[in-house]
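So you know, we letter chains A, B, ... as the sequences are listed, proteins then strands, and number each from 1. Because the structure is a prediction, the values reported are computed rather than measured.
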Protein chains: 2
Amino acid sequence: MTRQRELILQILSQSDRHLTADEVFFLAKLKMPSIAMATVYNNLNAMNEAGIINRVHMDGGADCFERTTDKHDHMICDVCGKLTNVRFPELQAHLQSALGREIDSYDLTIHCVCPDCRGRR
Amino acid sequence: MTRQRELILQILSQSDRHLTADEVFFLAKLKMPSIAMATVYNNLNAMNEAGIINRVHMDGGADCFERTTDKHDHMICDVCGKLTNVRFPELQAHLQSALGREIDSYDLTIHCVCPDCRGRR
DNA sequence: CCGGATATTTAGAATGATTCTGATTCCATT
DNA sequence: AATGGAATCAGAATCATTCTAAATATCCGG
């Protein structure tokens, strides 16, 4: 656990939203001006593989990262593009029994219109 | 519908697996040596937006494309990396009622060990 | 506390997928 | 045959991400 990794993890832990590598880099530079982009990616990748953080793929944009909490899925608003977390506690078991096979993991992203945008129409 | 688009669609329709833009380009060049990569991407994007084909994101690799058939999800083998289609006919309705909101669409990718790799251990 | 092995960081170059650009070609219509 | 609009082409450009090689930090046994 280097100072750089600690800082990156702190940034992700304190953020209330998903951050791109660029955003993490920008925020990290405020606290540690010498930090390099490669370091940000190195640590994001390492922590992602260790399961400490999650990488989230965004269609037509840079990947986002978030501090891992409990297993959850993602919902993207078709109107404003906001990414939020949703939870379906039974889903893995459900898929597993429908498939008749053990599942290691799954990624689910739902596209819908978020409450804010729905109300605004 | 230009000759190029027709060819690209034919290539995807006749393939028994998901193809990257590069693979489509290679196969298209065999039939039409003057075709350009930009044309392949233009048409893949246009047909994807029109719902005629699907773009499938692959972790750490180029996106893949397939001719659209019925709605289905994807399963990637953690061992050999093979991508196969799976169907959960009830899933969208299920997610919708669990979420209490209308869903426009969703993407689900399951990570597991495919039957071939399972048997081989 | 010291020396050396190992891992990490840094800056910038390199990569790879995809998109953009501007000129050209195609096709349908007049 | 002329016109206009859309699609194509080749190659340059872009963007996110990874790689490289040198410098630095960290850790461990003595």
Open item on the list: Per the side chain to side chain donor-acceptor pair (under 3.5 Å) rule, what does the pair list look like for residues 34-44 of chain A, sequence neighbours excluded?
Closed with: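 For residues 34-44 of chain A, and leaving out neighbouring residues, the side chain to side chain donor-acceptor pair (under 3.5 Å) pairs sorted by first residue read R5(A)-N43(A).
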
TODO: Would you indicate what S34(A) reaches in the nucleic acid, counting non-hydrogen atoms under 4.0 angstrom: base, sugar-phosphate, or nothing?
DONE: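 Sugar-phosphate contact only - S34(A) comes under 4.0 Å of backbone atoms but never of a base.
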
Open item on the list: So, applying side-chain hydrogen bond (donor to acceptor under 3.5 Å, both in side chains) with H18(A), which one of K82(A), E66(A), E23(A), R67(A) is it?
Closed with: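 Checked K82(A), E66(A), E23(A), R67(A) against H18(A); only one passes side-chain hydrogen bond (donor to acceptor under 3.5 Å, both in side chains): E66(A).
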
TODO: Please check if the side chain of S13(B) supplies one atom and the backbone of L9(B) the other of a donor-acceptor pair under 3.5 Å.
DONE: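 The answer is yes, because a donor-acceptor pair under 3.5 Å joins these two groups.
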
Task: Under 3.5 Å donor-acceptor, E102(B) side chain and C112(A) backbone - done: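 Judged by distance alone, no pair lies under 3.5 Å.
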
Check: protein-nucleotides 13-21 of chain C nitrogen or oxygen pairs below 3.5 Å:
unit_1, atom_1, unit_2, atom_2, d
dT18(C), OP1, D63(B), N, 3.3
dT18(C), OP2, Y41(B), OH, 2.3
dT18(C), O5', Y41(B), OH, 3.1
dT19(C), OP2, N45(B), ND2, 3.0

In whole Å, what is the span from the [atom1] atom of [X] to the [atom2] atom of [N]?
X      : N       : atom1 : atom2 : answer
N43(A) : dT26(D) : CG    : P     : 13 Å
I35(B) : dC9(D)  : CD1   : P     : 6 Å
F25(A) : dA11(C) : CZ    : P     : 8 Å
L44(A) : dT17(D) : CG    : P     : 9 Å
M32(B) : dA10(D) : CE    : P     : 12 Å

Open item on the list: For D73(A) and Y106(B), which I'm curious about, is there any donor-acceptor pair between the side chains at under 3.5 Å?
Closed with: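 No pair is found: no donor N or O on one side chain lies under 3.5 Å from an acceptor on the other.
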
Task: DNA chain D contacts among residues 2-9 of chain B, heavy-atom distance under 4.0 Å - done: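 Residues of residues 2-9 of chain B that come under 4.0 Å of DNA chain D are, in numerical order, T2(B), Q4(B).
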
TODO: Please state whether the rings of H94(A) and H94(B) are parallel, tilted or perpendicular, taking 30° and 60° as the class boundaries.
DONE: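 Rings of H94(A) and H94(B): tilted, 30 to 60°.
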
Open item on the list: A cation-pi test, strictly: NZ or CZ of K71(B) under 6.0 Å from the centre of the six-membered ring of F88(B) and no more than 45 degrees from its axis. Yes or no?
Closed with: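 Judged by the rule (NZ or CZ under 6.0 Å from the ring centre, within 45° of its axis), K71(B) is not positioned above F88(B).
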
Task: Distance (rounded to the nearest 0.5 Å) between D63(A) CG and N54(A) CG - done: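 The distance works out to 12.0 Å.
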
